[in-house]
Amino acid sequence: MFRNQYDTDVTTWSPAGRLFQVEYAMEAVKQGSAAIGLRSKTHVVLGCVNKANSELSSHQKKIFKVDDHIGVAIAGLTADGRVLSRYMRNECINYSFTYESPLPVGRLVVQLADKAQVCTQRSWKRPYGVGLLVAGLDESGAHLYYNCPSGNYFEYQAFAIGSRSQAAKTYLERRFESFRDASRDDLVKDALMAIRETLQGETLKSSVCTVAVVGVGEPFHILDQGTVQQMIDTFEIVAEQEGPAAEPDTDAGQEASAEPEPEQGAAAGEGVAPMDI
């Protein structure tokens with residue numbers, strides 16, 4: 001696991017200009033269960049995969065409510081995610097008490113990034129091994145941010161982090177242009193579809209995923225399993241109905257391509273074996 005003598009301290013630069021301890025923290029995010037976020041003009045949807053350590057244990061909670069207008073989904077070390085979500089909750093409470101208004105999402109994200117950056121510049125600290133997708137709604141609209149253990153933060157239309165997140169990113173990249181004007185239910189549908197991409201053949205059920213929504217006139221809340229399962233069943237029924245409709249065209253194309261085969265055989269020489277035609 002250790003590369004060289006430059007990865008024993010977070011404050012030691014390598015000759016190539018890299019901080020290996022920070023990169024290791026970013027690798028911990030990639031090892032965590034997948035988390036997905038996508039937003040429209042009025043709503044933001046967060047989703048995550050519930051992964052249990054064994055069949056006898058429950059799964060770790062991956063989505064946390066910060067305030068009525070802000071929530072986070074995490075990938076990586078869950079303990080670090082709980083600490084940071086508690087910090088964000090305290091910041092929202094203090095701001096609301098002082099200014100009697102909700103904390104803007106962008107300001108909270110900057111404060112969180114500054115807190116993560118300090119851990120990359122102190123020899124007695126370690127970087128937080130967790131990535132956070134911050135969903136929020138304020139006066140400027142709906143927002144989705146990704147906070148990295150390095151202290152960087154980015155705003156996205158849609159994003160996925162965690163293990164096997166590349167499959168979800170591919171799906172989101174194909175669909176993201178329609179997200180801005182999408183309805184709440186369409187966003188939830190796309191979130192579930194993206195989660196299904198990360199399961200690699202495993203059946204999508206409400207027990208293996210968690211979905212949360214925040215939007216205009218809708219405080220941040222986690223959807224119950226019954227509602228999620230009902231949406232999954234509805235989407236699967238639609239997919240099954242669309243599937244058989246395309247099969248006759250495929251069969252017709254196969255029959256059309258199969259008809260000329262005798263003519264090709266007649267045009268070929270008599271000495272040609274059937275396997276070569």
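Below, each value reflects all heavy atoms present in this structure, side chains not excepted, and no hydrogens, waters or symmetry copies.
In this structure, K65 is not positioned above the aromatic face of F220 in the sense of NZ or CZ being under 6.0 Å from the six-membered ring centre and within 45° of the axis.
Atom NZ of K169 is separated from atom CD1 of I36 by 11.0 Å, given to the nearest 0.5 angstrom. To the nearest 0.5 Å, the span separating SG on C119 from CH2 on W124 amounts to 10.5 Å. Rounding to the nearest 0.5 angstrom, the gap separating the CG atom in L132 from the OH atom in Y153 is 15.0 Å. Rounded to the nearest 0.5 angstrom, T120 OG1 and N152 CG are separated by 9.5 Å. Rounding to the nearest 0.5 Å gives a distance of 12.0 Å between OG of S206 and CE of M231. Atom CZ of F64 and atom OG of S85 lie 5.0 Å apart (nearest 0.5 Å).
Remark: K41 engages D181 in a salt bridge, criterion side-chain N to carboxylate O under 4.0 Å. A salt bridge does not link E197 with R164: none of the charged nitrogens is closer than 4.0 Å to a carboxylate oxygen. A salt bridge is defined here as a Lys NZ or Arg NE, NH1 or NH2 lying under 4.0 Å from an Asp or Glu carboxylate O, and D233 with K205 fails to meet this definition.
Grouping the Ile, Leu, Val, Met, Phe, Trp and Tyr side chains by contacts below 4.5 angstrom, directly or via other members, places V10 apart from F20. With hydrophobic clusters built from ILVMFWY side chains whose heavy atoms lie under 4.5 angstrom apart, F176 shares a cluster with V213. Residues Y87 and I74 are members of one and the same hydrophobic cluster, defined by side-chain heavy-atom contacts under 4.5 angstrom among Ile, Leu, Val, Met, Phe, Trp and Tyr. Linking ILVMFWY residues whenever their side-chain heavy atoms come closer than 4.5 Å, directly or via other members, places M193 and I195 in the same cluster. Both V66 and L112 belong to a common hydrophobic cluster when Ile, Leu, Val, Met, Phe, Trp and Tyr are linked at side-chain heavy-atom distances under 4.5 angstrom.
The closest donor-acceptor contact from the side chain of S96 to the backbone of P102 lies at 3.5 Å or more, if one exists at all. Side chain of D138 to main chain of S140: a donor-acceptor pair is present (N/O by atom type, distance under 3.5 Å, no hydrogens or angles). Side-chain N or O atoms of D80 include one that pairs as donor or acceptor with a backbone N or O of G129 at under 3.5 Å. In this structure, the side chain of H69 engages the main chain of L103 through a donor-acceptor pair within 3.5 Å. At distances below 3.5 Å, not a single donor-acceptor pair connects side-chain atoms of T227 with backbone N or O atoms of L223.
Shortest non-hydrogen contact noted between I161 and G131 is CD1-O, 3.7 Å. Taking both residues in full, the closest heavy atoms of S165 and T198 are given as CA-CG2, 4.5 Å, listed atom of the first, atom of the second, then distance. Across all non-hydrogen atoms, the minimal contact from P149 to Y128 is CB-O, 3.0 Å. When all heavy atoms of V208 and E202 are compared, the pair lying nearest together is CG1-OE2, 3.8 Å. Considering every non-hydrogen atom in both T11 and R122, the closest pair reads CG2-C, 3.8 Å. The two atoms that bring I70 and L108 nearest to each other are CD1-CD2, 3.6 Å, heavy atoms only.
In this structure, V211 and I222 have side chains that are not in contact, with every pair of non-hydrogen atoms separated by 4.5 Å or more. The side-chain heavy atoms of Q117 and Q121, taken from C-beta on, include a pair separated by under 4.5 Å. Side chains of Q31 and S163 form no contact here, defined as non-hydrogen atoms less than 4.5 Å apart.
Few gaps surround NZ on K125; more than 12 heavy atoms of other groups in view lie less than 6.0 Å from it. Enclosure of atom CD in Q157 by more than 12 non-hydrogen atoms of other residues, nucleotides or ligands within 6.0 angstrom is indicated. Annotation for Y171: atom OH counts as buried by contact number, over 12 foreign heavy atoms lying within 6.0 Å.
Taking the six-membered ring where the residue is Trp, F159 and Y156 present parallel rings, their angle staying beneath 30° rather than reaching 60°.
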(message) Could you go through R107 and Y95, starting from their C-alpha distance and side-chain angles, then the distance that decides it, and tell me whether this counts as side-chain contact (heavy atoms from CB on, under 4.5 Å)?
(response) CA-CA 11 Å; R107 181 175 298 184; Y95 187 93; 3.3 Å; yes
(request) Go through the steps to decide whether L172 and F179 satisfy the test side-chain contact (heavy atoms from CB on, under 4.5 Å), and finish with yes or no. (result) CA-CA 9 Å; L172 296 173; F179 291 164; 3.9 Å; yes
(request) Given side-chain hydrogen bond (donor to acceptor under 3.5 Å, both in side chains), test T210 with N50 step by step and report yes or no. (result) CA-CA 7 Å; T210 302; N50 300 333; 2.9 Å; yes
(request) List the steps, then state whether side-chain contact (heavy atoms from CB on, under 4.5 Å) holds for V49 with C209. (result) CA-CA 4 Å; V49 177; C209 64; 5.7 Å; no
(message) Using the rule given for side-chain contact (heavy atoms from CB on, under 4.5 Å), can you reason through W13 versus R18, listing the C-alpha separation, both sets of side-chain angles and the distance that settles it, and then say yes or no?
(response) CA-CA 6 Å; W13 291 96; R18 301 166 66 179; 5.9 Å; no
(request) Could you walk me through whether S183 and D185 pass side-chain hydrogen bond (donor to acceptor under 3.5 Å, both in side chains), step by step? (result) CA-CA 6 Å; S183 65; D185 290 342; 5.7 Å; no
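For the side chain to side chain contact (heavy atoms under 4.5 Å, CB included) with L38, the qualifying choice from D190, V44, L133, D186 is D190, the only one to do so. Here the options are E155, H143, M88, the test is side chain to side chain contact (heavy atoms under 4.5 Å, CB included), and the partner is V134; only M88 passes.
A side-chain donor-acceptor contact under 3.5 Å links K62 and T78.
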